[in-house]
Amino acid sequence: GKSLQPKESFFLLLIFRAPRKSLQAINVVSDLQLRNASSPPDSFVLDLAEKLEETEYVSGFSLAAKETMGSLRERSAEAVLSSPWPSNKVESYRFTDVRFLKNFNIEPISLASADVNLDGTELNLSEKENTRIVYVDGAIISDPSSLSVFQEGKGMFFGSISSLSDDIIRENVLPKLGTSAEWINADFFASLNGIGAPELGVIIVPEGVKVEDPMHVLYYSSQGGKKGDDIDDGKDGYFVSSPRLLVLVGKGAELHIVEEFIGGAGELYWANAVVEFFIEDEAQVFHSYVQNQGRHAVHIKQTCVAQVCFL
């Protein structure tokens, strides 16, 4: 879903349950790509895409992680450069006018901001939470050690792609990222995310594992741009972050995930997030969504669910 310039916080609960019978993911081809495949991007789109493409990945990426994220960035760049800025003539944005964003000076947020000192109170964190991922400006800062438990077959993995071995990445992550549905690669803002994502959060729940505690994924925007009064051209400046999450839920597994978006009050920031779910036979996912960002924030979120089974 997409929401822009929220006036107040809201809570949304979505429940996905994979059926017992075979079900193939339905690919919906966005008319955005079909209609505008031959149209050159305007200067605003080209400038923003070039800035996002210069975003550096977080440190510690393995060869497989760089290969995976590099493939996503390349596909996303091709999609963006073949599409103009969305208008209400595109079905996906028929009732959502996003033209106002072109009135701002938009810059990718600096990864250095992920090193800011934030306490649990500011981020609304509970010391009792054992299953949690925290993004700051698109980069994961809280990456608990869940890999050993996952490798022993006793629980799920959650954290950064940089914590996974090359074998696990190539087997589980590379074939899935950006493939949950055809439209995820054709949507303009999802593709912008694919260009600018500095890393990838991954949740893997193996077959039959039922996660008791809710998985809390917190997205925090720490930096805001400058008001137009302080800029020569008079345009407000917005920092854009591109958090990306991939969730793989095995056959008969269960997961409750809570995604929460927050940021500094009064700050000018744009969170452009994407999450992809792959849910196998008889698995259940309970998805809660909390958006509690500032009144001046811009929030665009794409959630794509693929229900898959193996015959």
* Asked: Who pairs with E50 by salt bridge (Lys or Arg N to Asp or Glu O under 4.0 Å), at least two apart in sequence or on another chain?
  -> none
* Under the salt bridge (Lys or Arg N to Asp or Glu O under 4.0 Å) test, residues paired with K210 that sit two or more places apart -> E254
* To do: Apply the test side chain to side chain donor-acceptor pair (under 3.5 Å) to residues Q302 and D187: give CA-CA distance (whole Å), side-chain angles for both, the deciding distance (0.1 Å), then the verdict.
  => CA-CA 9 Å; Q302 310 286 357; D187 182 85; 3.0 Å; yes
* To do: Determine whether more than 12 heavy atoms belonging to other residues, nucleotides or ligands lie under 6.0 Å from atom NZ of K251.
  => no
Please report the shortest heavy-atom distance between [X] and [Y], naming the atom on each side.
X    : Y    : result
S221 : Q293 : OG-NE2, 4.2 Å
S288 : H256 : OG-NE2, 3.0 Å
P198 : A139 : CG-N, 4.3 Å
S242 : L192 : OG-O, 4.3 Å

* To do: Check side-chain contact (heavy atoms from CB on, under 4.5 Å) between A253 and all other residues, then give those that pass, not counting sequence neighbours.
  => V205, V249
* Which residues satisfy the side-chain contact (heavy atoms from CB on, under 4.5 Å) test with S71, sequence neighbours excluded? -> R75
* OH-CD distance between Y135 and E199, expressed to the nearest 0.5 angstrom -> 6.5 Å
* To do: Carefully, step by step, assess S241 and D137 under the rule side chain to side chain donor-acceptor pair (under 3.5 Å).
  => CA-CA 5 Å; S241 62; D137 302 326; 5.3 Å; no
* Asked: Who are the ring-ring contact (aromatic ring centres under 6.0 Å, His included) partners of F261, not counting sequence neighbours?
  -> Y219, Y289, H299
* Structure fact -> With sequence neighbours left out, the residues meeting side-chain hydrogen bond (donor to acceptor under 3.5 Å, both in side chains) with N103 are none
